[in-house]
Amino acid sequence: MLCESLNGLCQTCNLLLHGCSVLCYGGQVLSWKNQRGEELLFVSEKKLKCCLINCHDQFYDYGCLEGNGFARTRMWNAENLMDVTDFPYPTPDNAYVDLILDDMPDGFPNWTKHRFELRLRVILGPTGDLTMTTRVKNINTNGKPFSFKFSYHTYFSVSNIRATQIEGLETMKYRDYLQDGGRFTEGANPISFQNEVDRAYLNTRDDISVADLDRLRTFTIHKNASLTDIGVWNPWEDGAMHAADLGDEEYRQMVLVGAAAVRKEVTLMPFREWTGTQRLSVVELD
Ligand SMILES: O=P(O)(O)OC[C@H]1O[C@@H](O)[C@H](O)[C@@H](O)[C@@H]1O
């Protein structure tokens with residue numbers, strides 16, 4: 001692992017020299033490349049914030065908290081996790097980095113009673129697979145449980161959103177955040193994109209694919225059982241024009257598909273922990 005300063009502001013940790021780079025700001029994976037050195041993740045040219053795998057918790061119960069959680073806008077620290085517990089154990093042919101966020105978030109009046117520890121391990125495997133495991137631990141000393149929801153925001157780079165399909169979510173139930181979170185059932189075909197999509201597919205299978213039909217590239221997300229759901233988002237033209245952190249045309253080159261636990265809140269008693277793992281792999285035909 002090699003750590004360096006980026007713009008004097010944020011520390012990045014590079015896993016191997018070419019494969020992957022992780023940003024301490026927000027606990028985000030900034031770059032994941034294939035063997036030809038091509039970037040597989042989407043990075044907005046407009047702002048750093050819209051980069052890639054955005055690991056964060058959503059503490060929905062607490063209305064005053066930032067939308068989409070606070071972990072993504074906090075500085076995490078690189079710190080090796082000594083007790084491995086449920087974390088995938090790094091082997092000699094893996095490269096990995098451990099990040100921690102355990103500060104009390106300031107300015108969240110309804111959250112001040114709770115102390116938590118968030119850890120993220122990012123592993124780059126010998127075949128280029130990228131595994132992220134997040135552990136949330138309740139370290140309250142006041143005997144109180146807390147509840148949260150969680151999602152990985154994985155921004156895949158695609159050549160053309162109109163030639164992008166998601167496979168594995170057919171016939172699944174989903175919440176549509178563009179229709180007040182209403183529940184619907186997906187049709188029998190792979191998902192394609194003709195306009196804005198902002199959904200959480202519920203209780204999905206564990207392997208979901210994102211096919212870039214123009215580039216003959218297929219990403220697969222493999223998730224563990226504690227991540228029951230899959231979030232899918234593309235803001236389309238109007239949404240991109242109104243998003244402060246996305247260029248007007250950038251919606252064409254990205255799709256957010258990430259493992260999540262949003263159907264039900266996770267409730268943790270003091271000193272209990274929860275882990276959620278997603279592994280990304282890519283297959284290219286040319
Ligand atoms: O910019 P972020 O935090 O990655 O979020 C992008 C989108 O992610 C989706 O999952 C949310 O439902 C949207 O509301 C949100 O705008």
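Quick caveat, the model's predicted, so the values are computed rather than measured. In listed order, ligands and their atoms are each counted from 1.
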Q. Side chain to side chain donor-acceptor pair (under 3.5 Å): which pairs involve residues 157-170, sequence neighbours left out?
A. S159-D212
Q.
At less than 4.0 angstrom from any non-hydrogen atom of Y155, what atoms of ligand 1 do you find?
A. 1 (O), 2 (P), 4 (O), 5 (O), 6 (C)
Q: Apply side-chain contact (heavy atoms from CB on, under 4.5 Å) to V282 and list each qualifying residue two or more places apart in sequence or on a separate chain.
A: W32, L40, R217, F219, E284
Q) Could an N or O of ligand 1 be found under 3.5 Å from any N or O of H153, whether backbone or side chain? A) yes
Q: Could you tell me whether some N/O pair between Y177 and ligand 1 is separated by less than 3.5 angstrom?
A: no
Q.
Between S147 and T267, do the side chains contain a donor N or O and an acceptor N or O under 3.5 Å apart?
A. yes
Q | Any side-chain donor near an acceptor of the partner, T134 and Y152, under 3.5 Å | A | yes
